[in-house]
Amino acid sequence: MRTLGRWLFAGLFVAPVSCAFLLDFDELKSGSGDAGPDSSLGGTSSTGGAAGTGGVAGASGSGGAAGGDGAAGTGGVAGSDAGDAGPLDQFPEQVAQAICAKLSSCYGPPAMPVIFGDADCATLLKSTLLNATFAPAADSVAAGKIKVDPAKVGQCLADFAKLECGKVSADFPEACRTVLEGKVSGTTPCAHKLECAPGNYCDLKAGCGTATCKPFGKATDPCSDAQPCAAGLGCVKASVDAGAGTCVPLAKLDAECKGASQPDCEIGLLCWGGSPTVAGHCLDPKGVFTGAENDLCSSWTAVFGDGGGIKLCKAGTYCDVYAWLTPNKCLPAAIVNAPCEKTLPDQCPSGQYCEKPSAIKPTACLPMPANGEDCAAPLSLKGRCAAYHVCDGKTCRLLRNNGEACSLNFDCYSGFCDSGAGKSNKCLPAACPIK
């Protein structure tokens with residue numbers, strides 16, 4: 001994931017980032033939860049579900065392609081004026097808007113549809129926050145394990161909007177640390193991450209009743225899906241299947257990333273080129289998505305190479321990366337059911353994808369598969385299912401809210417399905433009972 005040399009086949013780069021702001025103010029760029037199937041959360045893919053240490057529900061998958069122009073806009077934060085921004089029930093939407101505005105600002109509007117596809121960034125993040133993070137928070141507040149200061153919400157969001165992109169994964173404004181301040185420490189049991197004091201996570205692998213708050217890993221500390229690293233660090237493992245790794249600093253501009261032994265890039269940079277065993281390089285997408293309609297753009301041999309001199313297209317236009325017989329150029333969007341080419345991102349309008357795209361002849365834009373329908377082919381540039389769905393490897397499944405029926409963790413926005421004999425078989429927040 002997040003290795004752009006494998007863009008068509010493995011998805012993209014931001015899902016683990018997007019919701020951790022609320023899960024812990026110290027850690028926007030967090031680790032991962034349960035591994036899952038191909039994700040079609042509007043085209044993103046992730047190394048983990050919303051439960052655990054953060055990230056959008058779903059896991060590895062085919063990802064990102066054409067969608068809207070980035071619904072969050074290019075800047076600004078909803079409700080960012082300092083002062084009382086309202087009760088806690090407004091906070092998830094405000095934070096979702098803040099994160100989406102920051103992502104759009106850091107990566108540039110043309111990259112937003114590549115990250116989220118047809119899904120609206122704020123809608124997706126709000127659903128994840130409500131189901132995964134805030135569902136158990138009210139009980140923790142009542143139990144005295146979280147202190148709420150609504151008066152700090154506006155200042156938090158305003159200060160967050162001013163952060164440099166490279167600082168987003170390394171630091172957070174002080175006002176944000178006191179909006180929902182966890183009060184649990186020492187040997188007192190915790191039920192979920194928000195109960196822990198800043199700089200700590202709830203070690204749920206120890207089991208309910210015995211889980212305690214522990215500090216995020218520092219550089220060179222061991223790490224795992226259940227043992228996340230501190231802000232500004234990534235967990236690098238010897239292989240995708242390895243259970244544990246080491247916390248290392250996130251990669252900066254032009255540095256090596258991913259591959260077999262390198263970290264992800266900082267917020268605002270893409271890991272371009274490489275493979276699961278060969279490192280790519282971090283580049284600034286604002287210098288990549290620059291082509292206007294009919295401008296020449298890069299071919300697939302360059303796009304999936306080492307990332308040097310890549311040129312793609314502005315929002316609303318699409319690079320015909322597989323044009324073998326004519327020069328590669330930026331094409332306009334296709335209309336519903338119209339012929340389409342194999343472009344990057346996908347040329348088809350929202351809700352459709354280019355079926356079996358061919359380098360030799362155009363094929364048609366068709367509806368993205370929805371709940372109960374067969375997933376699109378793995379080479380689909382827009383993900384394998386419609387927005388807000390996941391592919392279980394064969395069939396598209398609509399993401400579920402808490403209390404709705406499920407069978408697997410990746411069915412749920414929360415990242416946790418209470419399934420099995422004697423269980424509720426419903427989506428629940430990944431938290432222990434609040435006492």
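All residue numbers in this chain count up from 1 along the given sequence. For the numbers below, each heavy atom of this structure counts, side chains included, while hydrogens, waters and symmetry mates do not.
The side-chain contact (heavy atoms from CB on, under 4.5 Å) search around Ser261 returns none, not counting sequence neighbours. In this view, Asn401 and Asn131 satisfy the side chain to side chain donor-acceptor pair (under 3.5 Å) rule, not counting sequence neighbours. The side-chain contact (heavy atoms from CB on, under 4.5 Å) check on Glu373 picks up Pro369, Ala370, with sequence neighbours excluded.
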After noting the C-alpha distance and the side-chain angles of Lys152 and Asp159, does the key distance pass the salt bridge (charged side-chain N to carboxylate O under 4.0 Å, His left out) rule? CA-CA 10 Å; Lys152 297 292 180 67; Asp159 292 349; over 6 Å; no
Show your reasoning for whether disulfide (SG to SG under 2.5 Å) applies to Cys417 and Cys406. CA-CA 6 Å; Cys417 177; Cys406 59; 2.0 Å; yes
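Checked options Lys145, Lys435, Glu195; the residue passing with Ser140 is Glu195 (criterion: side-chain hydrogen bond (donor to acceptor under 3.5 Å, both in side chains)). Checking each of Cys282, Cys271, Cys265 against Cys257 for a disulfide (SG to SG under 2.5 Å) leaves exactly one that passes, namely Cys271.
Side-chain contact, Arg400 with Ser414: no donor N or O sits under 3.5 Å from an acceptor N or O.
Put simply, CG on Asn402 and CG on Leu130 are 9.0 Å apart, with the number rounded to the nearest 0.5 Å. Here the SG atom belonging to Cys223 is positioned 12.5 Å from the CZ atom belonging to Phe216, to the nearest 0.5 angstrom. Separation of atoms NZ (Lys342) and CD (Gln347) is listed at 13.5 Å; rounding is to 0.5 Å. In this structure, Met112 CE and Asp120 CG are separated by 9.0 Å, a value rounded to the nearest 0.5 Å. Rounded to the nearest 0.5 angstrom, Phe160 CZ and Lys167 NZ are separated by 14.5 Å. With rounding to the nearest 0.5 angstrom, the CG atom of Leu398 is 11.0 Å from the OH atom of Tyr388.
The minimum heavy-atom distance linking Gln352 with Cys365 is given by the pair OE1-CB, 3.2 Å. Of all non-hydrogen atoms in Leu399 and Phe410, the two that sit nearest each other are CD2-O, 3.5 Å. Among all heavy-atom pairs drawn from Cys375 and Asp392, the shortest one is SG-N, 4.4 Å. Closest heavy-atom contact between Leu163 and Lys102: O-NZ, 2.7 Å. The minimum heavy-atom distance between Tyr107 and Pro285, with the atom names listed, is O-CG, 3.3 Å. Across all their heavy atoms, Cys190 and Thr212 have their closest contact at SG-C, 3.4 Å.
A salt bridge links Glu174 with Arg177: the closest approach of a Lys/Arg side-chain nitrogen to an acidic carboxylate oxygen falls below 4.0 angstrom. Using a 4.0 Å cut-off between a side-chain N of Lys or Arg and a carboxylate O of Asp or Glu, Lys426 and Asp418 do not qualify as a salt bridge. The pair Asp118-Lys382 meets the salt-bridge criterion, with a side-chain N (NZ, NE, NH1 or NH2) lying under 4.0 Å from an Asp/Glu carboxylate O.
At most 12 heavy atoms of other shown residues, nucleotides or ligands fall within 6.0 angstrom of atom CD1 in Ile335. Annotation: Lys286, atom NZ; neighbour count of heavy atoms from other residues, nucleotides and ligands within 6.0 Å is above 12. Counting non-hydrogen atoms of other residues, nucleotides and ligands closer than 6.0 Å to NZ of Lys147 gives a total of 12 or fewer.
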